[in-house]
Amino acid sequence: MGLFQDNFSMLSELERLAAMVQDPVRIHEIGVDEWPLAIIACGLVTGNDPSRLQENIHAYEIFQQKVTPASRGSALKQLVRFITQRKGEGWRAFIPFAVCEQEALISSAAAIQLATLAQPSDSEKLAGIESLVDLIISYPQTNPAVLSGLLGLSDMRALPLLQKLCALPEDRLQKLLAAITPPGNHLSYQWVLRVLENHPSLAQDVTSLLGRMASTASTVLDLVLPIPTWAFENPTPQPLHGWSRPEYLARMLPVLKLHLTEAQLSGLSAVFVA
């Protein structure tokens, strides 16, 4: 029986599995084949209650131990179909997949789906992005791939929310900069420049990251995403502008020259012009 059948027996099955996940004893009785649907059920039942985040994280840690990365990726795809069909309802079920998952590709994919499928709130259209930024700040164990996924959105509307990360302690920012290699797009570069302006002492870390980012794309894109994607018949990103790497380096130079050494600038120039 499929997850997407709206009938009493399926709802009962979801409730049964969610109850097992929430039971400290019965959680260990869940079979490997049951775990993908169980972790989805748990997220849907408890995801809207922030006080139960730790409970969901604990459940995901067990799920991660029991189930292969391929099966976890399949569970994420199943959840995407469900949330899309439900027009964003239950979107917080993505949170454990994003913040707890050890596989960077799954974590990043979950972050992107959460960001683009979340239902807008009264105060914030990009509620999913806001939620993930707040989690990066409040939950240091969050997989850095979440930040890579958010930067990979390439939509500059996310920058004001991402800028809150500039207030993180310098040691945490340094670890984040070392752990990520987001696509070289307009959003990614602008966020990194904001970090440099707020933390000039991280100049070498920023230089290294910019060099890695330059190798990911020969064209620097600025896009507008259809968010939430379920509200659009054809949710296709709309390109606003594109620059070659040398053109974009020239745009960044006024900021870079204020904080980087001549050697650092020369190294970046070689990478961006290559």
Side-chain angles (χ1 to χ4, degrees), residues 40 43-44 47-48 50 53 56-57 60 72-73 75-101 103-139 141-166 168 176 179-192 194 213 216 221-232 234-240:
I40 290 172
L44 294 173
N48 285 334
L53 175 61
N56 281 326
I57 288 173
Y60 197 91
R72 300 199 302 273
L76 175 61
K77 292 176 181 177
Q78 191 176 24
L79 181 58
V80 169
R81 292 193 294 269
F82 183 85
I83 301 300
T84 300
Q85 185 181 52
R86 297 288 183 167
K87 299 187 182 301
E89 181 182 350
W91 61 269
R92 289 181 178 85
F94 286 120
I95 289 176
F97 283 88
V99 303
C100 307
E101 174 59 49
E103 294 289 329
L105 288 177
I106 298 175
S107 173
S108 177
I112 291 170
Q113 295 296 340
L114 193 160
T116 56
L117 287 173
Q119 291 178 327
S121 68
D122 292 338
S123 60
E124 180 56 67
K125 181 177 181 181
L126 305 178
I129 298 175
E130 180 181 46
S131 175
L132 286 172
V133 169
D134 289 344
L135 281 165
I136 293 171
I137 293 171
S138 64
Y139 187 68
Q141 297 92 330
T142 296
N143 192 326
V146 169
L147 178 55
S148 293
L150 291 178
L151 292 170
L153 294 172
S154 307
D155 190 320
M156 285 294 288
R157 292 175 297 172
L159 185 59
L161 297 172
L162 287 163
Q163 189 166 338
K164 293 195 294 184
L165 297 176
C166 294
L168 284 171
L176 277 174
I180 63 173
T181 304
N185 58 54
H186 188 38
L187 172 64
S188 296
Y189 285 127
Q190 289 303 307
W191 180 76
V192 174
R194 299 289 176 89
M213 289 165 58
T216 65
L221 292 177
D222 181 15
L223 304 176
V224 172
L225 296 179
I227 298 177
T229 54
W230 47 261
F232 296 82
N234 183 25
T236 304
Q238 299 298 312
L240 295 180

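Excluded from the calculations below are hydrogen atoms, water molecules and symmetry mates; all remaining heavy atoms, backbone and side chain alike, are included.
- Atom CG of Leu153 and atom OG1 of Thr116 lie 7.0 Å apart (nearest 0.5 Å).
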Let's go through Tyr60 and Arg72 carefully: what are the C-alpha distance in whole Å and the side-chain angles of both, what is the deciding distance for side chain to side chain contact (heavy atoms under 4.5 Å, CB included) to 0.1 Å, and is it a yes or a no? CA-CA 10 Å; Tyr60 197 91; Arg72 300 199 302 273; 4.1 Å; yes

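- A donor-acceptor pair is defined here as one N or O able to donate and one able to accept, closer than 3.5 Å; no such pair exists between the side chain of Thr229 and the backbone of Pro226.
- Between Asp155 and Leu223 the shortest side-chain heavy-atom distance does not fall below 4.5 Å.
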Evaluate side-chain hydrogen bond (donor to acceptor under 3.5 Å, both in side chains) for Ser188 paired with Asn185, printing each intermediate quantity in order. CA-CA 5 Å; Ser188 296; Asn185 58 54; 3.1 Å; yes

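- The two residues Ala75 and Ile40 make their nearest non-hydrogen contact at O-CD1, 3.6 Å.
- With rounding to the nearest 0.5 angstrom, the CD1 atom of Ile112 is 8.0 Å from the CG atom of Leu150.
- Separation of atoms CD1 (Ile83) and CD (Gln78) is listed at 11.0 Å; rounding is to 0.5 Å.
- Using a distance-only test at 3.5 Å, with no hydrogens or angles considered, a donor-acceptor pair links the side chain of Trp230 to the main chain of Leu117.
- Taking CG from Leu132 and CG from Leu126, the interatomic distance works out to 11.5 Å, rounded to the nearest 0.5 Å.
- Within the 3.5 Å criterion, the main-chain N or O of Arg81 finds no donor-acceptor partner in the side chain of Thr84.
- By the 4.5 Å heavy-atom criterion applied to side chains, Ile95 and Asn56 are not counted as neighbours.
- No donor-acceptor pair closer than 3.5 Å links the side chain of Ser108 to the backbone N or O of Val146.
- Environment of CD in Glu124: crowded, with over 12 heavy atoms of neighbouring residues, nucleotides or ligands closer than 6.0 Å.
- The two residues Ala104 and Ala145 come nearest to each other via the heavy atoms O-CB, 3.5 Å.
- Side-chain contact check for Phe94 versus Leu76: some heavy-atom pair is nearer than 4.5 Å.
- Considering only heavy atoms from C-beta on, Trp91 comes within 4.5 Å of Ser131 through its side chain.
- Contact annotation: the side chain of Val192 never approaches that of Ile180 to less than 4.5 Å [non-hydrogen atoms, C-beta and beyond].
- Of all heavy-atom pairs between Pro228 and Ala118, the closest is CB-O, 3.7 Å.
- Taking the side chain as every heavy atom from C-beta outward, Asp134 and Tyr139 never approach each other to under 4.5 Å.
- Annotation for Ala98 and Ala110: closest pair N-CB, 3.6 Å, computed over non-hydrogen atoms.
- In terms of heavy atoms, Pro182 sits closest to Met213 at O-CG, 3.5 Å.
- Formation of a donor-acceptor pair under 3.5 Å by the Gln238 side chain with backbone atoms of Thr236 is found in this model.
- Environment of NZ in Lys164: crowded, with over 12 heavy atoms of neighbouring residues, nucleotides or ligands closer than 6.0 Å.
- Distance check, rounded to the nearest 0.5 Å: CG of Leu147 to OG1 of Thr142 gives 10.5 Å.
- Here the closest non-hydrogen pair linking Met156 and His186 is CG-CD2, 3.4 Å.
- Between Lys77 and Phe82, every side-chain heavy-atom pair lies at or beyond the 4.5 Å cut-off.
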Kindly determine whether Ile227 and Phe232 satisfy side chain to side chain contact (heavy atoms under 4.5 Å, CB included), including the steps that lead there. CA-CA 8 Å; Ile227 298 177; Phe232 296 82; 5.8 Å; no

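- Atom CG of Leu159 is surrounded by more than 12 heavy atoms from other residues, nucleotides or ligands within 6.0 Å.
- Side-chain contact between Ser154 and Leu221 is absent, with no heavy atoms from C-beta onward closer than 4.5 Å.
- Note that CZ of Arg157 is 13.0 Å distant from CG of Leu162, once rounded to the nearest 0.5 Å.
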